[in-house]
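Quick notes on the structure that follows.
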Amino acid sequence: MQRFQKVVLIFLFLLLSVALIITWNTPATGYESSIYRSTPLILWVSLIASVIVGITLIVVSIAKNELEQSSLWKIGFLLVFLCYTICLALFIIRGYYMWCMGGDPASHIGLIKETLDTGHVSTSLIYPITHIYLSEFVFFTGLDLVVLHKIVPLTFGLLCALCMYVLAKALFANYGGAVLAGVISCCLTFGWYHNLTPNALSNMLIPFALFLIVRFLQKRVWTWAVPLSAIIIFYPVFHVLPAIVLGLMLLTLWIPGKLVEVLQNLREKKAFILKYNSEDFRLVFPFLLLFSWFIFWISSFHVFGYTIKDIYDTLALEEKESKGAAFLDQISYAQNYGYSVIEQALKVYGVQALLVLLSLLALLLLWREFTARGQNMPLLSFYGPFFVILFIMGILFIFNLPFGPLRFMIYISMLGTLFAAYLLSHFLVDRKSKNNSLLQRTAFKVPCVTAVIILLFLASMLILYPSPYNLGANYHTTQSEVMGMTFFYDYRDVDIPVTGITVAPGRFSRAFLTPEEQSVQRLPMYLGGRIVPWHFGYDRHHTLAAHYTDEIDMIITQRDRLQYVDLFPNMAKLRFTEQDFEQLDYDPGMSFLYSNGGFDLRKVTTVV
């Protein structure tokens with residue numbers, strides 16, 4: 001049997017190697033609406049087959065208690081981790097020139113360049129850690145930011161999975177549970193993997209911070225207090241949101257244990273329902289250190305005052321629409337155009353819902369084990385922050401803060417991974433269910449657990465990249481788009497406004513222009529109300545120029561041409577059709593300025 005397993009593993013590694021070579025030799029030649037459709041089929045076949053075999057080997061070894069005797073499960077784990085790496089790096093393997101230059105990464109690349117040029121970060125930058133360290137890395141290595149902005153998020157994504165395994169190993173008495181936590185961490189359930197933003201990178205290091213907290217509580221020595229203090233000082237400057245979550249962790253880890261104690265004292269009718277001792281205050285100093293440093297740091301910036309004002313306006317004056325109201329408006333808007341909100345929610349958040357369900361089931365098991373035998377208290381403690389974060393997510397729907405409630409979903413996924421791993425490992429190794437002979441059978445347990453983990457991987461893999469499947473525009477930024485925007489900045493008349501469909505002229509300027517050049521260009525971050533009229537106005541006039549009183553530059557990219565062909569085909573008749581783009585070539589009120597195949601620049605003249 002082992003010989004057959006080794007032959008299968010060798011075959012899968014060879015198949016993955018061949019698939020990677022084929023994929024590397026078929027790079028993207030233009031903007032791709034879907035990386036899934038454009039990637040050679042052999043890669044998807046090899047990835048799925050490798051994940052199924054790797055997960056099966058691991059689950060079987062745990063169920064048979066053979067982790068110490070057999071080493072084949074380690075090869076299976078390596079196979080799963082390799083598939084995880086390939087999925088994260090797929091846009092690099094496919095030769096994508098840049099990623100998400102119409103979003104936050106463009107601004108952060110610009111800030112890194114500014115730091116390199118001036119020797120210091122902007123005084124208005126509230127999270128300068130990413131920019132400081134990447135500037136130093138570029139300075140010493142000479143690597144191009146075009147390369148680094150793709151590799152750095154990939155590196156943090158790989159470290160996140162490894163840190164989740166180390167965290168689980170520190171929490172679980174059962175080694176199989178730690179292995180399963182590592183496997184589920186490779187199932188792409190966290191999101192936030194690809195963007196070069198401080199929030200995304202700092203999220204990936206949260207498991208490492210939690211590991212330091214756990215080790216500090218377990219070992220009670222200064223050798224763990226020092227790195228924990230360092231990470232506490234580090235995080236508020238890295239990003240505000242994960243720092244808040246880290247503070248919530250320190251503040252709420254004690255709740256589950258004390259809740260059990262309160263219930264037991266009530267049941268026994270003791271006079272003192274809740275007691276404290278010195279052990280209960282071990283996290284008070286780390287929390288106070290984080291809280292004081294966090295307030296000192298963030299209060300030095302104007303955004304602190306704006307955030308307080310937003311909370312006041314929402315609660316007292318009701319001047320701003322809440323996140324919940326905006327969310328309901330989006331749901332209504334999508335339903336009016338015939339899109340199924342329930343179907344889309346299941347695609348995007350189905351994995352998180354499954355992790356929450358498994359976490360609730362694990363809570364029943366952990367509660368019983370702790371109350372009966374006093375076991376697994378460290379893992380049970382994490383239900384304190386788990387439920388507090390869920391509560392805060394619900395509360396945030398009534399506010400209109402700079403960050404929405406769904407940005408906390410990644411922390412629920414990370415904690416849910418730990419709980420799900422514990423539940424599934426206990427299900428595999430439990431031999432006490434004598435009342436149900438079916439639950440005793442390894443032949444039943446292994447397929448169930450394997451199917452759950454494979455479902456997590458496949459469902460997450462399908463939404464890892466924006467595509468028509470999840471109604472997301474691919475963040476692929478082509479070289480022709482970058483070259484076109486560079487030409488536009490070099491030769492445009494800065495007094496003439498710009499229009500288009502999806503182009504973000506201000507974002508690109510942040511990445512490729514100096515602050516002085518940006519002030520000269522005076523371009524908006526996004527077009528907003530300057531977007532061209534639907535159908536370019538051809539449903540009412542014979543020329544687009546009839547809609548403007550002055551000259552205006554118009555940018556059309558390959559992304560614009562494919563958006564209503566691949567992404568929203570049902571809305572093409574209402575917005576833009578292929579015929580509309582063809583009619584641009586015959587518009588008498590338009591002059592052609594520049595084209596490179598993926599980027600067109602035209603000037604719309606006035607018509608009397």
Any Ile126 side-chain heavy atom under 4.5 Å of Val240 side chain:
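A side-chain contact exists here, since the closest heavy-atom pair is under 4.5 Å.
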Indicate yes or no: at least one non-hydrogen side-chain atom of Leu290 is less than 4.5 angstrom from one of Pro236.
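In contact.
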Does the ring center of Tyr383 lie less than 6.0 Å from the ring center of Phe419?
yes
Ring centroid separation for Phe386 and Phe382, is it under 6.0 angstrom?
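No: the rings miss the under 6.0 Å criterion.
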Measure from NZ or CZ of Lys150 to the centre of the six-membered ring of Tyr96, then state whether that distance is under 6.0 Å and the direction lies within 45° of the axis.
no
Taking atom OH of Tyr526 as the centre, does the number of heavy atoms from other residues, nucleotides or ligands within less than 6.0 Å exceed 12?
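Atom OH in Tyr526 is packed in, count exceeds 12.
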Verdict with reasoning, Phe211 to Trp224, per ring-ring contact (aromatic ring centres under 6.0 Å, His included)
CA-CA 10 Å; Phe211 168 73; Trp224 289 104; 5.6 Å; yes
Please check if the side chain of His149 supplies one atom and the backbone of Trp99 the other of a donor-acceptor pair under 3.5 Å.
yes
What do the steps show when you test Tyr465 against His194 for ring-ring contact (aromatic ring centres under 6.0 Å, His included), and what is the final call?
CA-CA 9 Å; Tyr465 293 91; His194 295 124; 4.6 Å; yes
Classify the angle between the aromatic ring planes of Phe238 and Tyr235 as parallel (below 30°), tilted (30 to 60°) or perpendicular (above 60°).
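Ring orientation of Phe238 relative to Tyr235: tilted.
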Where does the angle between the aromatic ring planes of Trp293 and Trp297 fall among parallel (under 30°), tilted (30 to 60°) and perpendicular (over 60°)?
tilted
Donor on one side chain, acceptor on other, Arg94 and Ser38, under 3.5 Å:
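No donor-acceptor contact under 3.5 Å links the two side chains.
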